[in-house]
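Only this structure's heavy atoms are used, side chains among them; waters, hydrogens and symmetry mates stay out.
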Amino acid sequence: MVLINEGEINLPKTPGLTDLSFECLLPATEYPFARYQSGFQKPSYYLSVLEQLKVQGKAFSFRVLRQLDNGQALDLPLSMMVTLEKYTISEDVKNGLDFTVSIDLKQYREYGTKTFTIQKKETSKPEATVTESRPEKEPEKNYTIKKGDNLWKIARKELGDELRWKDIYELNKDTIEAAARKYGKKSSSNGHWIYPGVVLRLPA
């Protein structure tokens with residue numbers, strides 16, 4: 001593409017499908033190099049398979065394999081789903097009774113269609129209104145200090161978390177300090193001194 005006053009540019013495109021073309025020999029004689037897992041097959045067998053793949057038009061798996069002289073298989077990084085586009089049979093007197101077949105394959109990709117359902121909005125019905133409901137505020141809870149209590153135990157028992165003893169202290173600081181002075185203490189030392197009978201407010 002060429003832009004005015006900007007020169008030539010290259011716009012990347014979505015890569016197309018891969019085309020594969022190769023020739024293969026179909027031996028009519030059981031040569032030493034012709035190895036078959038299920039036994040020797042005549043060329044007519046493979047030609048019938050090629051014709052069936054072409055007529056059915058279905059995708060199939062294609063993989064290229066190589067084998068060393070010692071029998072070790074080399075799996076090349078060429079494996080894909082393909083379709084058989086066409087094949088051509090070549091007969092040459094140099095090949096004797098054997099056949100040479102040229103095969104053209106094309107890469108296959110799965111695809112599908114997307115469907116959309118369009119719904120007409122009904123305007124005759126009144127629009128629904130959403131009202132927000134708030135939970136009622138929980139009533140405030142109190143706790144009367146018992147002998148052997150401390151803020152840490154009270155927080156664990158009543159609030160489920162002993163670390164919230166500081167919340168109890170901050171909420172009842174004046175009450176706790178007043179009780180400490182009543183019992184001759186200048187300070188409750190951040191709630192370490194609490195006394196039975198004192199009523200504490202518990203945080204939510």
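Taking CH2 of W193 as the reference point, atom CD1 of I176 lies at 14.0 Å (rounded to 0.5 Å). With rounding to the nearest 0.5 angstrom, the CZ atom of F62 is 5.5 Å from the CG atom of L105. With rounding to the nearest 0.5 angstrom, the NZ atom of K106 is 13.0 Å from the CG atom of L84. In this structure, N172 CG and E170 CD are separated by 10.0 Å, a value rounded to the nearest 0.5 Å. Atom-to-atom distance recorded for T88:OG1 and E23:CD is 9.5 Å, nearest 0.5 angstrom.
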Fill in: Working for side-chain contact (heavy atoms from CB on, under 4.5 Å), residues I194 and Y169
CA-CA 10 Å; I194 58 176; Y169 174 73; over 6 Å; no
Worksheet entry | Candidate pair L200 and L151, rule side-chain contact (heavy atoms from CB on, under 4.5 Å), full reasoning | CA-CA 10 Å; L200 302 177; L151 296 185; 4.0 Å; yes
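Both Y46 and I103 belong to a single network of hydrophobic side chains, linked directly or stepwise wherever heavy atoms of I, L, V, M, F, W or Y lie under 4.5 Å apart. Under a hydrophobic clustering in which Ile, Leu, Val, Met, Phe, Trp and Tyr are joined whenever their side-chain heavy atoms come within less than 4.5 Å, directly or via other members, F60 and L17 fall into different clusters.
Partners of Q119 by side-chain contact (heavy atoms from CB on, under 4.5 Å), not counting sequence neighbours, listed by chain and number: T117. Scanning for side chain to side chain donor-acceptor pair (under 3.5 Å) contacts around Y87 gives E51, with sequence neighbours left out. Not counting sequence neighbours, the partners of Q52 by the side-chain contact (heavy atoms from CB on, under 4.5 Å) test are Q56. Under the side chain to side chain donor-acceptor pair (under 3.5 Å) criterion, T175 pairs with no residue at all, not counting sequence neighbours. Looking at residues two or more places apart in sequence or on another chain, you find a side-chain contact (heavy atoms from CB on, under 4.5 Å) between D98 and L25, P27, A28, Y31, N95.
Residues P196 and K146 have side chains not in contact (no heavy-atom distance under 4.5 Å, counting atoms from C-beta outward). Contact annotation: the side chain of L202 approaches that of I154 to within less than 4.5 Å [non-hydrogen atoms, C-beta and beyond].
Tested against V82, the residues D104, L53, L20 include a single side chain to side chain contact (heavy atoms under 4.5 Å, CB included) partner, L20.
Heavy atoms from other residues, nucleotides or ligands lying under 6.0 Å from NZ of K182 number 12 at most.
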Could you list the donor-acceptor pairs under 3.5 angstrom formed by side chains in residues 161-168, with sequence neighbours left out?
{"residue": "D161", "atom": "OD1", "partner": "L163", "partner atom": "N", "Å": "3.0"}
{"residue": "R164", "atom": "NE", "partner": "D167", "partner atom": "OD2", "Å": "3.0"}
{"residue": "R164", "atom": "NH2", "partner": "A204", "partner atom": "O", "Å": "3.1"}

